[in-house]
Amino acid sequence: MDQQQFQKIVDEKNPKVPYFLNILKAFIVGGIICTIGQLLTFFYMRFFPFTEGTAANPTVATLVFIAMILTGTGIYKKIAQFGGAGSAVPVTGFGNAVISAAIEHKSEGYVLGVGGNMFKLAGSVILFGVLSAFVVALIKTILVSIGVISW
Amino acid sequence: MISSLVTAFVVGGFICVIGQIFMDVFKLTPAHTLSTLVVLGSILDGFGLYEPLIDFAGAGATVPITSFGNSLTHGALAEAEKHGIIGVLTGMFEVTSSGISSAILFGVIGAFIFQKRKTTY
Amino acid sequence: MKKSIIVFLMLLLLGACSNEKEKVIFPADNSASLKPIMQKQETIHGYKSVINEENILVAININRFARFNKTKIEEKITKQIEKQFPERQVLVTGDQKIMWEVESIIDKKLKEEDLKKSIEKIKSLSKEET
Amino acid sequence: MVNTFGTLQFITKISIANTGIVAGPVEKDGPFAESFDEVLPLETEKNETNEQAHSRMIEMACQWAAKNGHTQLNNIDVLIAGDLINQLSPSNFAARSLALPFLGVFSACASSVEAIIIGSLLLESGNARTVLAGASSHHPAVERQFRYPLQYGAQKPKTAQWTVTAAGFALLEKELNDVPVVTHATIGRVIDGKQKNPLHMGAAMASAARDTIERHLTNTKSQMSDFDVIMTGDLGNIGISILKEMFQDENSGVILQDAGAQFYGNEPFFNAGASGAGCSAAVFFGQIYDQLKKGVFKRVLLVATGALLSPLTFQQGETIPCIAHAIECRMEKRS
């Protein structure tokens, strides 16, 4: 049996990914998390001196706090198995990646374990965030300075 | 107010759908997906499109990870507007992201208070 | 079942846009002069304003889908009001928080000194970034 | 001993005197739970790391195997053990406290059978009288090393397998009556099916399993129908169906079975089934051994399959090479 035949069998036997169902689940879970975020935004605007622009910060921090509780109690994993990207893309997913790694590597101590491994999953997000921000801002600044576009 | 909730739901959900498509159709790992989305948010801000989205959808645009790329780019651009090319760097160092700092803080707190859990199914 | 939920959500979305323009102006003097400007704005569905000798503070409710152009709408209305009142500082904002603050000033019926303080507070609030 | 291209035939009667199996709390609901000697109430006890819990589990399984075989641990000549963790540290640490002459083996999830083969060779050559051989895996420890932190929310696809928490050890002795005997063994070749998805190991391992089974059948001049069951280690639901498709033998549908696919019953939570070195060890030395001993099965082929990947290699874009080792066990009629 050669490689091609084998690959054909493998492709045949691979279960179909339920694309539509996964997308629907991601939409619902992601939407619910963002709606909770919006409710928190209203809460912070109503009772604290935050405007629409500044209320995003305490909202994000609160969502990460909720993610910590859900991660520590093992609930976030179940939400993620259901929601897929719906739970990974909101900032709670970022929080979950950091917090789960921190809890997991506690056994190696706080410096080498927690400190060293906290960003092993989420580090790439920070890297690409900073890198792309730099590149985008640089390109735009250059384009503005040679007069192609304006601010 | 309810319309704000609905738009947050729809826009936030839609960004997650993009993420799910990356994961399912293009077979990216979660880390690849999130990195791609962050870059996407930053590019959108380069075209000046992300702030209007935040004005429109509120938390629907600030909660997904795309807003992280946006806020970094936004800070860099705001400084670049004032100080020219060197502002690109200083602007980025100026930006504080509540997402990262809260994740670090709550990560350590979480590691401190939570024990390993029994595996369940 | 899913369809009915979608219809329900759409109704909510539309219902929020169709309110009549709310006009509350405080203190009452000079208010008439804002009215013609605000009345012709098609992108908003309500506004509340506070006016004293130096400042004009207008909180607007921008229509849901016009919120993409929030900054542009704010600028446009600011310019139009500035034309009418060149001697005063004008702040036009679609921010929900400012709307609530303006409402509370109107409810409390603040007088000169307190009013001035509150207006300054709101102005500094609106300048904050991220 | 006759050797034909990787297939060994043992002249001496290598008898599996008894076995010891310890499993974790999640495994107690599976269909094989009856054959476990002990089920841990918790995977890790308080103030214990995953790796410490792993070695404790290995120690317990060794003690059970010795106890069931009516012997003392200090009568054992050699301990052969394997697991999936870096540098085999759980097995090494267990061997430290057991204080036995120790050989550590690694063939990923095929370690259990590799250990048996080496143990049988030691007995055959007359250099040992009693050998304790087996393998183990511990879900939290393995998951953390090969995949993500336990509480990280990553959606698992239908092809993903669940690493079992189990340790299985067999006590090998010579010339015993009324116990199953290891007659043949086939040493696997490393086969690369050019699969890259670490969450779909069944497909990667299927070609290795096929190679080993085919060579065993050819070298022992037997057919699939001669066996009561050919049990593969941890191909999972999808892997075993790929393997059945590859053989296209009319008997393959019934005779070919997979421990990983059956380990958790039909619980959909575990997706494609179980995996891990402890999976094949727990099933082979548990259920299959019991059935052999009772005489339900007369002749079985146990094929443990292992995916020889590390997190490093698949992130570097390497394919997943796989290996499968097989032992043939027979039960002679009771006298």
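In what follows, chains are A, B, ... by sequence order, proteins preceding strands, each numbered from 1. Values reported hereafter were calculated over all heavy atoms of this structure, with side chains retained and with hydrogens, waters and symmetry mates removed. Computed from a prediction, not measured in an experiment: that's the story for all the values here.
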Practice task
Determine whether more than 12 heavy atoms belonging to other residues, nucleotides or ligands lie under 6.0 Å from atom CG of Asn266(D).
Solution key: no
Problem - Side-chain heavy atoms of Leu121(A) within contact of Pro149(D), under 4.5 Å - result: yes
Handout entry: Which portion of Pro140(D) sits near chain A, non-hydrogen atoms under 4.5 angstrom
Key = backbone
Problem - Check: Asn14(A) and Lys158(D) side chains under 4.5 Å, non-hydrogen atoms - result: no
Exercise for the section: May I ask you to name which of Leu150(D), Ile238(D), Asn50(D) has the most heavy-atom pairs under 4.5 Å with chain A? Expected result: Leu150(D)
Practice task
Without swapping roles, check the side chain of Asn96(A) against the backbone of Tyr152(D) for a donor-acceptor pair under 3.5 Å.
Solution key: no
Exercise for the section: Name the member of Gln5(A), Gln3(A), Lys106(A), Glu12(A) that forms the most heavy-atom pairs with chain D at distances under 4.5 Å. Expected result: Gln3(A)
Fill in the blank from the handout: Note: Arg144(D) and Lys120(A) closest approach over all heavy atoms is O-NZ, 4.5 Å
Handout entry: Residue Gln4(A) excluded, over 12 heavy atoms near CD under 6.0 Å
Key = no
Exercise for the section: Heavy-atom distances under 4.5 Å only: say whether Asn22(A) touches chain D with side chain, backbone, both or neither. Expected result: side chain
Handout entry: Contact summary for Ala154(D) and Gln81(A), nearest pair of heavy atoms
Key = O-OE1, 3.9 Å
Practice task
Write down the atom of Phe6(A), the atom of Gln195(D), and the distance for their closest heavy-atom approach.
Solution key: CE2-NE2, 3.8 Å
Problem - Approximate separation, where rounding is to 0.5 Å, of Gln151(D) CD and Glu104(A) CD - result: 8.0 Å
Handout entry: From NZ (Lys25(A)) to CD (Gln155(D)), nearest 0.5 Å
Key = 7.0 Å
Completion exercise
Counting heavy-atom pairs under 4.5 Å with chain D, the top scorer among Pro15(A), Gly83(A), Gly93(A), Ser87(A) is Pro15(A)
